[in-house]
Every structure is written in structure tokens, then in C-alpha cells.
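Remarks on the structure that follows.
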Amino acid sequence: DVDPSTFNWDKYFHLETINSWMENLAKSHKELTSVDMGPSYQGIPIKGVKLARNASNPTIFIESGIHAREWIAPSAATFIINELLNNEKWKTFAENYNWIVFPVVNPDGYKYTFESDRMWRKNRNLFGISRGVDLNRNYPYHWNEIGCSDDPSRYDFCGTSGGSEVETQRLMKFVQDHKESDNIRTYIALHSFSQLIMFPYGFTAEKADNYDDLKEIGEKAAATIKRISGQTYKSGSLYETIYPSSGGSKDWAHGVLNIPITYTFELRGPANSPDLFILPADQIKETCEEAFGAILTIVEEADKKGY
Ligand code: PAY
Ligand code: ZN
């Protein structure tokens with residue numbers, strides 16, 4: 001395995017490497033602490049970091065790796081941590097906001113994509129001869145309504161009930177416990193692929209209460225990406241941009257927890273490839289840069305609108 005000191009954004013890293021990199025960072029930076037949601041189905045800890053320079057700052061919460069095969073998402077999450085911690089350029093964002101980042105909220109699945117099946121998406125819970133719940137269909141808000149399946153053999157199996165999965169329960173508890181105390185006003189989920197900046201809802205065509213703000217902010221974030229890398233990202237509600245789906249974490253964060261600024265990013269996939277989840281490693285850095293730039297725009301624009 002790779003020495004954590006050689007961590008970079010030129011390749012994809014195993015779960016163990018990501019976790020030990022985060023732990024080492026936390027040891028050497030007093031403003032960074034390790035956070036842990038608790039163990040997954042297979043007993044692997046769901047780890048993250050919290051960057052807090054001022055306890056009274058509002059917090060941006062970022063989750064990635066809910067879908068195992070979308071490797072670029074955890075890369076972007078670790079990139080964000082590193083930039084905020086080490087790049088003076090983003091000083092105001094690191095000082096005026098706190099950041100909680102969990103790069104791999106589905107550790108069992110992520111590990112499995114490195115060891116056995118690169119295209120695995122779900123967690124690894126066992127159902128007879130099938131395995132895995134799509135954790136982004138398992139949240140208890142309009143659960144099992146649309147764009148999901150109740151067949152455990154399917155890639156979009158929503159589980160046996162809303163919140164049935166231990167990983168879902170861990171994330172819910174963590175965000176619920178920290179929402180007030182850390183003043184979480186922004187919730188970002190990172191996925192791939194499709195180059196989209198999506199906001200609630202996925203389960204209905206009906207507009208979220210602050211749809212117009214989310215749309216305007218999302219479009220500004222897409223414009224930032226255009227400036228950074230020339231790439232085209234589109235913004236809109238999940239329902240209108242990609243496909244209807246229910247039980248996603250972001251719908252829950254917005255609909256149940258009332259976190260106002262809530263986005264799901266679909267990052268890049270490779271052009272002209274049948275394996276659109278396998279983004280070549282030489283595109284990791286640029287994809288991370290554009291995602292981070294877009295997130296900073298979201299933070300800035302939401303602030304201007306008084307969120
Ligand atoms: O709430 O983020 C959401 C739902 C949308 C994503 C999903 O969970 O299905 C979109 C897909 C994803 O990133 O998982 C898009 C990719 C391309 C897919 O697998 O269809
Ligand atoms: Zn995904």
C-alpha cells in the first residue's frame with residue numbers, strides 16, 4: 001500500500017490510505033480533528049475530518065463515496081480538505097466557515113471496488129443470494145416511491161425500509177447530532193458522472209421552497225467551472241436534470257432537516273468510453289479543481305443571499 005505522505009491527486013487511493021492520510025493530517029494541524037460516524041455493516045469505521053478555525057462559524061457538510069464505483073468523488077473530497085488546509089488562497093473560506101468532510105460514507109462498497117468488482121455501487125448487506133442496498137435510495141423521506149427498486153438484485157435496491165441500512169443510520173445520526181451545534185447550513189453530496197449540479201427534489205417535479213435561489217446559485221457554480229476548466233456543467237433539480245429518484249440523502253437533508261443549501265454534484269466521466277465511471281487518473285486533478293471552485297461559489301453566493 002501507499003505511504004500516506006505520498007498522497008496526491010494523480011491516482012485513486014484505497015480506503016485505508018485515505019483514512020490514514022486524514023488521521024496524519026489531523027495529528028499535524030490543530031484546527032483539524034478526526035470525526036467518525038461509527039462502523040459500517042462490515043465493521044469498517046466511517047471516517048472524516050472537521051476543519052474548524054472558529055466554533056461559531058456555520059458549517060458546510062460534504063459526503064462522498066455513497067456509491068462505491070464513483071471513485072472521483074472521494075478524490076474531490078480529499079482535494080477539498082487539502083486545499084482548505086494548505087492553500088493560503090482560500091484562507092477566507094477556511095476561516096469564516098467550518099467544514100466537515102466524509103470522503104467515503106460507503107466504506108464496504110468502496111473497498112469492494114478495489115478488491116473484487118470495480119463497478120459495484122451499493123453497500124454489502126446480504127439478502128439471500130443478493131447483496132447490497134443503494135444507500136442513495138435508503139433515506140426515510142418519500143422512501144421507495146420512484147426511480148428505485150425493491151428487488152435486492154437490482155443496482156438501485158432501496159432496502160427493506162427507509163433507513164434500514166447501518167450506513168444510512170450512521171450518517172443520519174451524525175448530521176442530526178451536529179446540525180444545530182455546528183450550524184450546518186450547506187449539504188453537498190459528490191457523485192459521478194454527468195457533469196451536473198443538482199438540487200432537491202429527486203422524488204417530485206414540484207419545486208423546493210427556495211428553488212429559484214438554488215437554481216441561480218447552481219448556475220453561478222456552473223459558470224465558475226466553465227472559467228476554471230472550460231467544462232460544461234448544468235444545474236437544475238434532480239428530477240428535471242437526471243431522472244426521478246427517491247430516498248436520496250440530499251432530499252432527506254433538505255426535506256427533513258431543512259438544510260437550505262443542498263446540492264448533489266455529478267462530476268466528470270470519461271468522454272467516449274463505455275465505462276463512464278472509470279475516469280482516467282490524469283483527469284482527477286482538474287475535476288477536483290472545478291468541483292472545489294464550484295463549491296466555493298455556492299458558499300459565497302448563498303452567503304450573499306443571506307443563508
Ligand atoms: O440524489 O443524487 C441523488 C440521485 C442521483 C444519482 C443517483 O443516486 O442515482 C445519480 C447517479 C449517481 O451518481 O449515482 C448518476 C449516475 C450516472 C448513475 O449511476 O446513474
Ligand atoms: Zn452516485
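Whatever order the structure lists them in is the order used to number ligands and atoms, beginning at 1.
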Output, in order, the C-alpha distance, side-chain angles, deciding distance and verdict of side chain to side chain donor-acceptor pair (under 3.5 Å) for Asn106 and Glu167. CA-CA 7 Å; Asn106 173 14; Glu167 295 85 0; over 6 Å; no

Provide the number and element of each atom of ligand 1 under 4.0 Å from a heavy atom of [X].
{"X": "Asn136", "value": "1 (O), 2 (O), 3 (C), 4 (C), 7 (C), 8 (O)"}
{"X": "Lys250", "value": "1 (O)"}
{"X": "Phe277", "value": "18 (C), 19 (O)"}
{"X": "Glu266", "value": "6 (C), 10 (C), 11 (C), 12 (C), 13 (O), 15 (C)"}
{"X": "Ile242", "value": "10 (C), 15 (C)"}
{"X": "Phe193", "value": "17 (C)"}
{"X": "Arg137", "value": "7 (C), 8 (O), 9 (O)"}
{"X": "Leu238", "value": "1 (O), 2 (O), 3 (C), 4 (C), 5 (C)"}

Going by the rule salt bridge (Lys or Arg N to Asp or Glu O under 4.0 Å), which residues pair with Asp134 if we only count those two or more places apart in sequence or in a different chain?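 Salt bridge (Lys or Arg N to Asp or Glu O under 4.0 Å) check on Asp134 returns Arg121, Arg137.
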
Can a donor-acceptor pair be found between the side chains of [X] and [Y] at a distance below 3.5 Å?
{"X": "Ser153", "Y": "Asp151", "result": "yes"}
{"X": "Lys226", "Y": "Thr232", "result": "yes"}
{"X": "Glu290", "Y": "Ser229", "result": "yes"}
{"X": "Ser56", "Y": "Asn54", "result": "yes"}
{"X": "Tyr233", "Y": "Glu266", "result": "no"}

Please confirm whether the backbone N or O of Ser75 pairs with a side-chain atom of Trp9, one donor and one acceptor, at under 3.5 Å? yes

Under 2.8 Å from the Zn ion (ligand 2), is there an N/O/S atom belonging to Glu266?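 No - counting backbone and side chain alike, Glu266 has no N, O or S atom under 2.8 Å.
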
[atom]: nearest protein contact (heavy atom, Å):
{"atom": "atom 16 (C) of ligand 1", "answer": "Ser192 O, 3.8 Å"}
{"atom": "atom 11 (C) of ligand 1", "answer": "Tyr243 OH, 3.1 Å"}
{"atom": "atom 19 (O) of ligand 1", "answer": "Arg121 NH1, 3.2 Å"}

What about Ser245: any of its N or O atoms under 3.5 Å from an N or O on ligand 1? no

What I want to know is whether His67 and ligand 1 share at least one N or O pair that is separated by under 3.5 angstrom.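 Yes; the residue has a nitrogen or oxygen that sits under 3.5 Å from a nitrogen or oxygen of the ligand.
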
Just give me the atom name: the N, O or S atom of His67 closest to the Zn ion (ligand 2).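 Relative to the Zn ion (ligand 2), the closest nitrogen, oxygen or sulfur of His67 carries the name ND1.
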
Find, among atoms of His191 that are N, O or S, the one nearest to the Zn ion (ligand 2), and state its name.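 That would be atom ND1.
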
Just do the salt bridge (Lys or Arg N to Asp or Glu O under 4.0 Å) check on Lys47 and Glu23 with the steps written out, would you? CA-CA 9 Å; Lys47 290 189 177 201; Glu23 269 161 35; 2.4 Å; yes

Step-by-step side-chain contact (heavy atoms from CB on, under 4.5 Å) determination, Arg131 to Trp120: CA-CA 10 Å; Arg131 267 190 198 269; Trp120 192 256; 4.2 Å; yes

